[in-house]
Number of protein chains: 2
Amino acid sequence: MTAPATTETGAAAEEGLGFRPLYAQVRDRLIRRLVDGVWAPGEPLPSEMQLAAELGVSQGTVRKALDAMAAENLVVRRQGRGTFVARHDEERIMFQFFKLVGDDGARTFPQSRVLSVSAARANAGERDALKLERDAKVVRIRRLRSFGETPAIVETLTLPETIFPGLSAMEIPNNLYGLYAMHFGVTVASTRERIKAVATCAQDAETLGVPAGTPALKIDRLALSIERQPVEWRVSVCLTERFHYLSELR
Amino acid sequence: MTAPATTETGAAAEEGLGFRPLYAQVRDRLIRRLVDGVWAPGEPLPSEMQLAAELGVSQGTVRKALDAMAAENLVVRRQGRGTFVARHDEERIMFQFFKLVGDDGARTFPQSRVLSVSAARANAGERDALKLERDAKVVRIRRLRSFGETPAIVETLTLPETIFPGLSAMEIPNNLYGLYAMHFGVTVASTRERIKAVATCAQDAETLGVPAGTPALKIDRLALSIERQPVEWRVSVCLTERFHYLSELR
DNA sequence: TAGTGGTCTAGACCACCCT
DNA sequence: GGGTGGTCTAGACCACTAA
C-alpha cells in the first residue's frame, strides 16, 4: 500500500473526540493485552513487524506505540533481542518508586517485619483515598522496615479487598509490588506522594526505638494501576538521620 | 539524495566512542546554539525544514532532535505555530521545580523577603556542593518566603561569583531563575533535591515565628545548567503544617 | 547468519494557527 | 491560503544479540 494515511481519523472525529493518533490507538490496544495478561512479565512481545502485520499498520506506527510504552516503564526494549513486558523485580522498584537513599549515596532496599495484618470495613479516610464505595472492605498491613539492624520506617498500608482477595491470609513478602503483579495481576504504574515533616507520635517512636517527638518524614503514597485506578494507600513514617529522600527534577 | 544513511557514523566509530546517532549530534548542535544565546527565550527557532536544509539532514532527524529537547523542557513545540525556546517565567518554574503544594491542592507561589545578601570566599561545604576551586568567591542570599501572611520557608542560597558577577549588588527578585536567564544567560535545566525531616534550630524558628524544635522539611537543592554545571546551591527549611511536598513518580 | 530493535530518509497527508 | 508541527507509511541500512 502506497496509499495516504487516512485510517481511523474520520471515525474518531465523528465520535466527537477531537482526533486520536493511530499510534495512540495501537498503544491502547497493546496495553489492553498487557492488562489482560496475554504476555507475562519478563516475556517478549511479538516483533514490531509481526505486530504491524497483525494490527494492519506500518512498523513505524507500532514502533511509536512501543516507544511510548517504554517511556511509561510498561515494556523494556533491548536492541537485537526484543521488547519485553516490564518486570516488577526488586531492582526496578528500588530505582523507580523507592526514593530513600543513604547520605553516602548508597541505595539499599530495607528489610521488612510485618507487625499486623487485618481485614476490615474501610473507614472514611480510606474510602476517600482509594475511591471506594461505602461498606467496601479493605486489608490493612502495618510493618517496620529496617536498614540492617537500624529501624527506619514504620508504615501502614491499606488495600481494597476486591482487588486483592485473600491477601490478609497470605504470607506478606518484602517486595509487595512483585506480589501484586504475580498473584493478582495488578501492575503499579505510577505513584503520587505527599511529604510532610512531623514529630513522631508515641506509638511510632516506640516501634522505631527513638524518643517521641523525633522529627520524621511522613510520606503519604497513593499507588495507581496502569488503568489509573487507586490500588494501594500507604503512609510511611521515616527517620532521616542517615538517609534522605531523593528527588530529581527536569 | 536517495542515498542510504551513512553520515557521521564512521567518524564517531573511529573516535572510539561507540556510535552517536545523527539526531543526537543535531540535538547537541542546537543546544550549543541555545547556550550561546543565538535565539532568545520565547523566540521561535527556524522551522524544521529550514534547520534540516541548513544542517544537511532530513526533516525527520531534526524532528527527533527537537522532540528530545522538548522532552528536556528546553524548547516548547506548538502545532501550527512553531518551536520556541523555553521561557523561565513564574508558571513554568512553579510547576517544574517548585513542589510545595497546599493541602487543599492549591499551587500558589510564595512571596519572598530578602534577609541578607553578601559576597564571600566559599567555605568547604560550598566548594564541595558547587564543585568550586579553592579561593573561589560566592554570593550568599538568605530570604524568608511566605504564603500570604504566613511565613513558611527560610532559605539560604549560594551562587558562584564567576557565573553571576555583580549579583550581590543587584536587586533580588522573587523569581530568581528568571533573573539567571535574563541577566546572566544561565538556564537551570534540572535540580537534585535531598530531603530530610529536622527540628528547626533557634534562629530559623525565630525567623519563621514558630517554637524552636518544630519539625520542618530541610530541602537541599543543587541546580544544574543545561551543560550540567552546578549553578546554585539552596538549602530550604520548610514548615509543612498546611503544605506538603508533592512527588509524582512513573 | 538470521532476526531484532535503532536510525535515517523521503514523501504524503492531517490538524492547527494566523492573516 | 500558506505555513507550522504532527502523523503515517515504506524502504533502506546500522548495531546488537544469539544460535
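Quick note on labels: first sequence line is chain A, next is B, and so on, each numbered from 1. Small disclaimer: the values here were computed from a predicted structure and weren't measured.
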Subject >> Exercise: do A:S225 and A:Y180 side chains pair donor with acceptor under 3.5 Å >> reply: no

Subject >> Qualifying residue, where the test is side chain to side chain contact (heavy atoms under 4.5 Å, CB included) with A:L159 and the options are A:V186, A:L176, A:I141 >> reply: A:I141

**OP:** Determine whether more than 12 heavy atoms belonging to other residues, nucleotides or ligands lie under 6.0 Å from atom CE of B:M49.
**Re:** no

**OP:** Test for a donor-acceptor pair under 3.5 Å between the base of C:dT9 and the side chain of B:R63, counting only N and O atoms.
**Re:** no

Original post:
Taking CD from A:Q79 and C1' from D:dC16, how many angstroms apart are they, rounded to a whole number?
Top reply: 5 Å

Original post:
Whole Å only: how far is the CG atom of A:L45 from the P atom of C:dT4?
Top reply: 13 Å

Subject >> Nearest-angstrom distance from the residue atom OH of A:Y23 to P of C:dC14 >> reply: 18 Å

Subject >> Residue-phosphate contact under 4.0 Å: B:S47 side-chain N/O, D:dG3 OP1/OP2 >> reply: no

**OP:** Tell me which nucleotide among D:dG6, D:dT7, C:dG6 gets nearest to the side chain of B:R77.
**Re:** D:dG6

Subject >> Nearest-angstrom distance from the residue atom CD of A:Q59 to C1' of D:dG11 >> reply: 10 Å

Original post:
Within the structure, does a side-chain N or O atom of A:K64 lie under 4.0 Å from either OP1 or OP2 of D:dC8?
Top reply: no

Original post:
Do the side-chain N or O atoms of B:S58 get closer than 4.0 angstrom to the phosphate oxygens (OP1, OP2) of C:dC8?
Top reply: no

Original post:
Taking only side-chain nitrogens and oxygens of A:R81, does any of them come within less than 4.0 Å of OP1 or OP2 of C:dG5?
Top reply: no

Original post:
Rounding to a whole Å, what distance do you find between A:M49:CE and D:dC13:C1'?
Top reply: 13 Å

Original post:
Near B:R113 CZ, under 6.0 Å, is it more than 12 heavy atoms from other residues, nucleotides or ligands?
Top reply: no

Original post:
How do B:D67 and A:G80 order along DNA chain D: which one's closest nucleotide is nearer the 5' end?
Top reply: B:D67

Original post:
Rounded to whole angstroms, how far apart are CD on A:E48 and C1' on D:dC8?
Top reply: 15 Å

Original post:
Could you give the CZ-to-C1' distance, from B:R78 to C:dA15, as a whole number of Å?
Top reply: 16 Å

Subject >> A:T61, nearest nucleotide to its side chain (from D:dG5, C:dT7, D:dT9) >> reply: D:dT9

Subject >> A:R27 CZ to D:dC8 P, straight-line distance once rounded to whole Å >> reply: 13 Å

**OP:** Give, for atom CZ of A:R250 and atom CG of B:L74, the distance between the pair rounded to the nearest 0.5 Å.
**Re:** 9.5 Å

